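For reference, the structure is listed below as C-alpha cells.
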2 protein chains.
Amino acid sequence: MPPTTARERARAALTTDITDLARAQLATAGAAGLSLRAIARELGMASSALYRYFPSRDDLLTRLIIDGYDDMGAAAEAADDPGAAPGERWLAVCRAVRTWALARPHEYALLYGSPVPGYSAPEDTVPAAARVGVVLGRVLGDAARAGLLPPAAGRATGTVSAAAAGVLGGAHPALDDAVRTRALLAWSALYGTISFELFGHFTGSVTDADTFFDDAITDLAGLLGF
Amino acid sequence: MPPTTARERARAALTTDITDLARAQLATAGAAGLSLRAIARELGMASSALYRYFPSRDDLLTRLIIDGYDDMGAAAEAADDPGAAPGERWLAVCRAVRTWALARPHEYALLYGSPVPGYSAPEDTVPAAARVGVVLGRVLGDAARAGLLPPAAGRATGTVSAAAAGVLGGAHPALDDAVRTRALLAWSALYGTISFELFGHFTGSVTDADTFFDDAITDLAGLLGF
DNA sequence: TCACCATGGAGAGCAGTGCTCTCGGAATGT
DNA sequence: ACATTCCGAGAGCACTGCTCTCCATGGTGA
C-alpha cells in the first residue's frame, strides 16, 4: 500500500532523496567515499537527522545494493525476448548486463566488486541478486524444453545445489550437473569479463571492447550448446 | 644491491615491518579498514613518522598491490611444470591461483575486486600484474608449438592488441585472434569463478566448491582446445 | 676532529568521518 | 485537549589521513 498520512509521504520522499543523492555520490566518489555528512549537507539538514532514516552507513549501502540488483535484474528481464532463439536471448541478456554496468561502474562495483569490509550482505539482497541468474536460467531451460540442446551426458557431480538446479532450467533430460556447471561457469565468466573490462585488467590487451565482449559471450554460448 | 649503511638497513627493516603489519590489518579489516594510525600504534611510533616511509595511504596500498601480484605470480610460476601436458599445466596453474586467493581473500580482493576509489593503479603495478597472464600465455604457446592445438580458423578480429598477442603464445599458425579471444575469456573466467566463490555469489548454488572449480576450469581448458 | 646537513622521529593541529545523546518542536492518535 | 510518537538540530566522542614545526641523531666532507 502507498503511504497515506502526510508524515509517511514526507518520510518516503526524503528517503528517496537520500538514496538518490547517495547514488549520485557513489558515481563520483565510489562506495568508500560515500559520506552521510555530505548527503546531509546537500540536503541542508543536520547529519544526525539522517540516522532517523538509515540506522547506519551500511544500511544505506544495503539499500543501494538491493536497488542496484533490482535495476540490473529489470534490465536483464527487459532484454530477454522469450520468442527468440537461445543464442540470441543469451547474447541479448549478457549485452544488457554489460550496458547496465558500463553506465554505472561504481554501482556495478558495489554489487560485484570486493565486498564492503566488515559488512556481510543481509538476506534481503538474495532475491534481488538472483534476478539476472533467473533470466539466464530460464533461457537455458527453454532451450532444453525446445529440444535445442545437445543430449546431456547424464553426469551428477553433486556440486550444484538443488535450489540452483531448479533455477537453471529445472528437471529435463538434456540438463545434468555437467550442463549446469557450465551454466554457472558461463554466468561467472560473464561477470569476469565485465569486471575485467571495468576494473582495467584488459587495458593494453583488448583494443575493441565491444566486439571482444560479443565474441567472448558467443564462445560461452557455444559452451552451453546454444 | 642490498642496503649497506646502518640507516638504510633500519629503513628497510621498518619498511617491511610496516607492510607486514599492513598486510595483517588487511586480513582482518580489509582495504577500507587499513589505518596508518593503527599501524603506527602497533609499531609504537607517532603516526606522522610513518609518512617518512610512505607518502600517503595510497602509496602503501600500491606497495601491497605490487607485492600481492608478485606473490601470486610466483605461486603460478611455481605451479607450472613445463614438461606436463597443456591440460595438466592449465589446471595446475589455475588451482594455484585459486589456492593463493583462498588463503588471502582480502589481498585477492585488493587485486581483483573493486578498484580503490580515487586511486588509479600506477604503471608500476603493470609488470607484476601480468605475471599470471604470462604463465597462462606460455602454456598456450607451448601447446601450439607442440602441435597439440586444433588448427585455427585464421580469423583476425583485431580485438586483441599486438602486445597481448605476444604474451598469448606469440605467432603460430594454430593461434589467431579467435583463439586469443578465448584465451582472454578463459583468463577472465578464471577470476570470475574465484571472485564469485570468494565474494559469496555462489553461496547456495555451489555445494562442493573444490570439484566445481576443477570441473569449470576443465571446461575452460576444453574451450581452449587442451 | 669537527662542523654541517640530511634523516627520521614526536607532537600539535586541521579538516573530515560515523555515530550517539539530549533537547525541543511538531504532527499524530485518543 | 491531552499524550505520544516522530523528527530535526546541536554538541560531542572517537577516529581517520595528512601537514607543519621542532628537535635529536647519524653520516659525511673539510
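Note that these values count all heavy atoms, side chains included, but never hydrogens, waters or copies made by symmetry. Within every chain, numbering begins at 1; the chains are lettered A, B, ... in the order of the sequence lines, protein sequences first and strands thereafter. Keep in mind it's a predicted model, so treat the numbers as computed, not measured.
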Modelled atom types, side-chain donor and acceptor of A:Asp214 and A:Thr211, under 3.5 Å: no
Separation of C:dG9 atom C1' from B:Arg11 atom CZ, nearest Å, is 12 Å
(request) Could you check whether A:Ala6 gets within reach of a base, just the sugar-phosphate, or nothing at all, counting any heavy atom under 4.0 Å? (result) sugar-phosphate
Taken to the nearest whole Å, CZ/A:Phe54 to P/C:dG18 is 14 Å
Problem set entry | Check: C:dT7 base within 3.5 Å donor-acceptor of B:Arg7 side chain | yes
Separation of D:dG8 atom C1' from A:Leu50 atom CG, nearest Å, is 11 Å
Check whether the side chain of B:Arg52 and the base of C:dG9 form a donor-acceptor pair under 3.5 Å.
yes
Quiz item: If you look at every strand shown and take non-hydrogen atoms under 4.0 Å, does A:Leu14 touch a base, only sugar-phosphate, or nothing?
Solution: sugar-phosphate
Do B:Tyr191 and A:Tyr191 make the cut of ring centroids closer than 6.0 angstrom?
no
To the nearest angstrom, the CD-P distance between A:Gln25 and C:dG16 comes to 14 Å
Output yes when B:Arg63 and B:Asp67 qualify as a salt bridge under the 4.0 Å nitrogen-oxygen rule, no when they do not. yes
Whole-Å distance, A:Tyr51 OH to D:dA11 C1', equals 15 Å
Which word best sums up how the rings of A:Phe212 and A:Phe202 line up, parallel for under 30°, tilted for 30 to 60°, or perpendicular for over 60°?
perpendicular
Rounded to whole Å, the CZ-C1' distance (B:Arg41 to D:dT16) equals 10 Å
When rounded to whole Å, the CD to C1' distance for the pair B:Glu8 and C:dA6 reads 13 Å
Regarding the side chain of A:Tyr53, the nearest nucleotide among C:dC19, D:dG8, D:dA9 is D:dG8
| said: Can you say whether a donor on the side chain of A:Arg37 sits under 3.5 Å from an acceptor on the base of C:dG18, or the other way round? | reply: yes
Exercise for the section: Select base, sugar-phosphate, or nothing to describe what A:Leu34 touches, counting heavy atoms under 4.0 Å on all strands. Expected result: sugar-phosphate
Per side chain to side chain contact (heavy atoms under 4.5 Å, CB included), B:Phe213 is matched among B:Ile194, B:Leu91, B:Leu102 by B:Ile194
Out of C:dC21, C:dG11, C:dG16, minimum distance to the side chain of B:Ala46 belongs to C:dG11
Closest to the 5' end of DNA chain D, once B:Ser35 and A:Gly44 are matched to their nearest nucleotides, is A:Gly44
Considering only heavy side-chain atoms of A:Arg57, the closest of C:dC19, D:dT19, D:dG10 is C:dC19
Rounded to whole Å, the CG-C1' distance (A:Asp59 to C:dC19) equals 13 Å
